[in-house]
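This report refers to the structure that appears directly beneath it.
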Amino acid sequence: MSRPRTLNWLDAPRDDSGVEMFDEGAHTYRPYTELADAALRISGGLIARGVPRGAVVPLLSSTGPDLVAAFYGVQAAGCVVSVLAPPTRMSGEAARAHARAVVAAVDADTVLVDAAHHDYAVDALAESGPGVRVLLLEELAAGDPGRRDLVEQALVQFTSGSSGRPRGVRISHAALDANTLAIRRWERAGRDDSWCSWLPMHHDMGLIGCLVVPVSGNNRLAVCRPETFLRHPLSYLTRFDANRVARPATITATPAFGLQRIVDKVGHAHLEGADFSRTRAVIVGAERIDPALVTRFTELMRPHGLSPHTLTPAYGLAESTLAVTGVPVEEVPRAVLVHRDELRVGAEVSLADGATDRATVQVMSCGRALDGLTVQVVGEDGEPLPEGHVGELAVSGSSLADGYLADGSAEGTSFVDERLLTRDVAFRLAGEFYVLGRLGDSVKVHARSLFAEDVELMLGRAGLNLSRVCVVLGEADGRPHAVAVLEGLDTRAAEVAEDVLATACPGARRHVALVPRGAIPRTSSGKSRRRQLWQHLSREHVLDAVPAAATDGPA
């Protein structure tokens, strides 16, 4: 096959640009000339050790330049790469089990690790059998360079598993090329742009949006571990400050949670003298975006030079490599106010006037379809709905994955007749898509749909910390149920949640569960595993207990 664009940088790496790792007490920088050499040596090492062409090679490495070199080294060897989530202090046995599951799912006999994770990998994979080799990327990078012809497949991405167990998605070089090019065109990325990211590199948003996209263009990239950002978001913001760094970052990506962390931890006093006027695009995706949060973020950053045009909501998923829609860079993102009672599949949305109240919901636009993709809103029969009607997003085009691994579950998102049925609910107005939530995370009450994301945003506006909240919806014993799970919060928070549920979920049986910190199961990218939590609540009989006034009559 012809050489993909995403690998062209290996043949012409820049020596005036590269990857920088900034972290607590650590700082490294390696130009692309060094990274290209390391990648080809890792490729040669894999070939010399008999790793067959076309084999899937899981990669476990800390965030930073070594991971970049190893990611491309595996592909240059004619192999397929799958990036594993590195363990954290809190991940425990679940991370080990996930690593073993990935190795088994891709039928790997070789795992590539950095020195920091060697002992962990050997221990975690001991139960996988004696046939799995653990190779050190530092040793491979010290050998001779080598290269083989590519296979069609570039990587296997594992979905976050927020609505079920993670599934391996097969991404071809062609799809990776198409999505990377579409993202760069959408971002208007040029030679002098510079990226900064705190996102985990095993997750599609961090891997594609903040590794493949900048590296494929030889653009400067500064990265830190997610833990560093969570503890010190100001250290991340500093990379965009033209008065603090010589080459400030111009593009970044984050879930809405990242904006929340910044406005919660950073104040105007911390930003005194900062200049963020060079920042061109802050891509926001991966979860429902609260317009009120966008307002708080822009009010914090605008006095320090950040333009409101910079914030760029988007929608995407691993099954389409990454990005599907996005608000054009340098346009102010739009939000509309709609009546909550009209939000059901097949219904036409009704726009509301005035301020947001509990009968209305403000929804942020996620923009238009990117180049090479066709996006439709379809009804329960799979047929396209007229503009302004609520339905499921269906995607087709050049960025779509080749499908799931053989053991992929048939539940949820699926590929049908060359279309990706996303299970995400949205409506389209004036060519822009407004995403509401997932079908699997919603329940019908009185013929209207309740969305877990919508209820969570209401809890956040009522003052609860959304990093400690998860709403799960479903049916049990023929009745709709709504449960607000509060992690490490007190009875006052429970009273607030009960009040919000009473307004947001009339006709449903309502429950508030106070649980200790760490009790909400989460994906490796930090999303709540709603289906797993629902099953746990069912086993613990939480759904059997109906507090007084927890329902409003027959559903």
message: I'd like to know whether Thr279 forms a side-chain contact (heavy atoms from CB on, under 4.5 Å) with Val282, so could you lay out the CA-CA distance, the side-chain angles of the two residues, the decisive distance to 0.1 Å, and finally the verdict.
response: CA-CA 8 Å; Thr279 309; Val282 178; 4.0 Å; yes
message: One pair to check against side-chain contact (heavy atoms from CB on, under 4.5 Å): Trp198 and Arg225. What are the steps and the verdict?
response: CA-CA 6 Å; Trp198 61 269; Arg225 293 178 303 139; over 6 Å; no
- prompt: Between Ile171 and Asp402, is a side-chain contact (heavy atoms from CB on, under 4.5 Å) present by the stated rule, with each step listed?
  reply: CA-CA 6 Å; Ile171 305 294; Asp402 290 336; over 6 Å; no
task: Give the C-alpha distance, both sets of side-chain angles, the deciding distance and a yes or no for side-chain contact (heavy atoms from CB on, under 4.5 Å) between Val483 and Val471.
output: CA-CA 6 Å; Val483 188; Val471 172; over 6 Å; no
field: Asn179/Thr321 under side chain to side chain donor-acceptor pair (under 3.5 Å): CA gap, chis, key distance, verdict
entry: CA-CA 7 Å; Asn179 207 234; Thr321 305; 4.9 Å; no
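The shortest heavy-atom contact between Glu319 and Val169 is CA-CG1, 4.0 Å. Heavy atoms only, all atoms of each residue included: Glu456 and Cys470 are closest at OE2-CA, 3.3 Å. For the pair Val469 and Ile520, the tightest heavy-atom approach, listed with the atom from each and the gap, is C-CD1, 4.2 Å. Summarising the geometry of Pro255 relative to Leu199, their closest heavy-atom pair is CD-CD2, 3.5 Å, with the distance given to 0.1 Å. Smallest separation of non-hydrogen atoms from Ala462 and Val500: CB-CG2, 3.8 Å. Between Leu486 and Ala497, the shortest heavy-atom distance links the atoms CD1-CB, 4.0 Å.
Using a distance-only test at 3.5 Å, with no hydrogens or angles considered, no donor-acceptor pair links the side chain of Ser320 to the main chain of Gly316. Side-chain N or O atoms of Ser172 include one that pairs as donor or acceptor with a backbone N or O of Ala175 at under 3.5 Å. For Arg261 (side chain) and Leu230 (main-chain N/O), a donor-acceptor pair under 3.5 Å exists by modelled atom type. The main-chain N or O of Val327 is found under 3.5 Å from a side-chain atom of Trp186 such that the two form a donor-acceptor pair. Under a 3.5 Å cut-off, the side chain of Asp417 and the backbone N or O of Arg419 do not form any donor-acceptor pair. Without hydrogens or angle criteria, Thr413 side chain to Thr422 main chain gives a donor-acceptor distance under 3.5 Å. Formation of a donor-acceptor pair under 3.5 Å by the Thr180 side chain with backbone atoms of Val213 is not found in this model. In terms of modelled atom types and a separation under 3.5 Å, the side chain of Thr228 and the main chain of Cys224 share no donor-acceptor contact.
Taking Phe71 as the reference, nothing meets the ring-ring contact (aromatic ring centres under 6.0 Å, His included) condition, with sequence neighbours excluded. Under the side-chain contact (heavy atoms from CB on, under 4.5 Å) criterion, Asp204 pairs with Gln157, Ala318, Leu322, sequence neighbours left out.
With a 4.5 Å cut-off on side-chain heavy atoms, Ile283 and Thr254 do not count as touching. Side-chain contact between Lys265 and His232 is absent, with no heavy-atom pair separated by less than 4.5 Å. In this structure, Arg368 and Pro328 have side chains that are in contact, with non-hydrogen atoms separated by less than 4.5 Å. Inter-residue side-chain proximity for Phe427 and Val435 is flagged as unmet; no heavy-atom pair is nearer than 4.5 Å. Two residues are said to be in side-chain contact when any heavy atoms from C-beta on lie closer than 4.5 Å; Thr312 and Val284 fail this criterion. Taking 4.5 Å as the limit, every side-chain heavy atom of Cys210 sits out of range of all side-chain heavy atoms of Met205. Under the 4.5 Å side-chain criterion, counting only non-hydrogen atoms from C-beta, Leu337 is not in contact with Leu351. A 4.5 Å side-chain heavy-atom check between Gln260 and Leu293 finds at least one atom pair inside the cut-off.
Aromatic ring pairs are classed by plane angle as parallel below 30°, tilted from 30° to 60° and perpendicular above 60°; the pair Tyr236 and Phe229 is perpendicular. Ring orientation note: the planes of His98 and Phe158 are nearly perpendicular, at an angle over 60° on the 30°/60° scale.
With respect to the salt-bridge test (charged N to carboxylate O, under 4.0 angstrom), the residues Glu498 and Arg510 do not qualify. Using a 4.0 Å cut-off between charged side-chain N and carboxylate O, Arg280 and Glu187 make no salt bridge. Asp290 has no carboxylate O lying under 4.0 Å from a charged side-chain N of Arg296, or vice versa, which leaves the two without a salt bridge.
Of the options Leu421, Leu385, Asp424, a side chain to side chain contact (heavy atoms under 4.5 Å, CB included) to Glu392 is made by Leu421 and by none of the others.
Rounded to the nearest 0.5 angstrom, His389 NE2 and Arg344 CZ are separated by 10.0 Å. One finds the CD1 atom of Ile251 at 4.0 Å from the CG atom of Asp193 (value rounded to the nearest 0.5 Å). Interatomic distance, CG of Leu234 versus CD1 of Ile262, reported as 9.5 Å (0.5 Å rounding). Leu59 contributes atom CG, which lies 9.0 Å from atom OG of Ser82 (distance to the nearest 0.5 angstrom). Atom CD1 in Ile289 sits 8.0 Å away from atom CG in Leu259 (nearest 0.5 Å). Going from atom CG of Leu311 over to atom CD of Glu331 covers 13.5 Å, rounded to the nearest 0.5 Å.
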